[in-house]
Amino acid sequence: MTQANDFYAQMLEAQRRAAEQRVETRAALLTELRGLGVTGLDVQYDGYGDSGNVEEVVVTPDTITLTEELRRRVEDFGWDFAYALSPGFENNEGGYGELTWALETDKIDVSHSNRFIETDTTEHEGL
């Protein structure tokens, strides 16, 4: 039982550290993006079949272009943030969604959908 308790404690510690890292990353990105004049971001993500990625990042105002390195950091943050709310959505039929970040108020909204297969079975025996 000790191994299970140790594993659980390690898992909780890893989740705590990841949450701390998201807070730090959010603060750093917020400062950097506001400095560029960005007022909003939409990060669209999709996952299925044990894989997934960010499909698109939309910047408001659209006259601002992010560097490749900054875009990658925004994508990573968007994926990590959404994944923390819906872990495992890249498995099987997967899930997808959109993270919307209003930088002026530092509010993030996430709209997430999970895909699934529905099966309706009818059996007739001994007819």
Just so I know, are the side chains of L70 and L33 near enough to count as touching, which here means a heavy-atom distance under 4.5 Å?
yes
Is the [atom1] atom of [X] crowded by more than 12 outside heavy atoms at less than 6.0 Å?
X   : atom1 : answer
E69 : CD    : yes
Y96 : OH    : no
E20 : CD    : yes

Could you walk me through whether D46 and Y48 satisfy the side chain to side chain contact (heavy atoms under 4.5 Å, CB included) test, starting with their C-alpha distance in whole Å, then the side-chain angles of each, then the deciding distance to 0.1 Å, before giving a yes or no?
CA-CA 7 Å; D46 194 2; Y48 53 89; 3.8 Å; yes
Keeping the roles fixed (side chain from [X], backbone from [Y]), state whether a donor-acceptor pair exists under 3.5 Å.
X   : Y    : result
R71 : V57  : yes
T60 : L41  : no
R26 : D106 : yes
S51 : G47  : no
R34 : T39  : no

For the pair I108 and L99, evaluate side chain to side chain contact (heavy atoms under 4.5 Å, CB included) and give the outcome as yes or no after the intermediate values.
CA-CA 7 Å; I108 295 178; L99 176 144; 3.7 Å; yes
Taking every heavy atom of G37 against every heavy atom of P61, the minimum-distance pair comes out as O-CD, 3.5 Å
What are the two closest non-hydrogen atoms of D50 and N92, and how far apart are they?
OD1-N, 4.1 Å
Between R73 and L29, is a side chain to side chain contact (heavy atoms under 4.5 Å, CB included) present by the stated rule, with each step listed?
CA-CA 8 Å; R73 288 175 42 220; L29 284 173; 3.6 Å; yes
Could you give the distance from CG (D76) to OG1 (T25), rounded to the nearest 0.5 Å?
9.0 Å
Among R16, Q10, M11, Q15, which residue satisfies the side chain to side chain contact (heavy atoms under 4.5 Å, CB included) criterion with E13?
R16
I'd like to know whether V23 forms a side chain to side chain contact (heavy atoms under 4.5 Å, CB included) with Q21, so could you lay out the CA-CA distance, the side-chain angles of the two residues, the decisive distance to 0.1 Å, and finally the verdict.
CA-CA 5 Å; V23 169; Q21 184 61 50; over 6 Å; no
Should the ring pair Y83 and W79 be called parallel, tilted or perpendicular, given that the plane angle runs from 0 to 90° and is split at 30 and 60?
parallel
Aromatic ring proximity H112/Y45, centre distance under 6.0 Å
yes
Kindly work out whether a path of hydrophobic side-chain contacts (I/L/V/M/F/W/Y, heavy atoms less than 4.5 Å apart) joins V58 to L36.
no
Are side-chain N/O atoms of D42 and Q44 paired as donor and acceptor at under 3.5 Å?
no
Are D109 and W101 close enough that a side-chain donor and a side-chain acceptor fall under 3.5 Å?
no
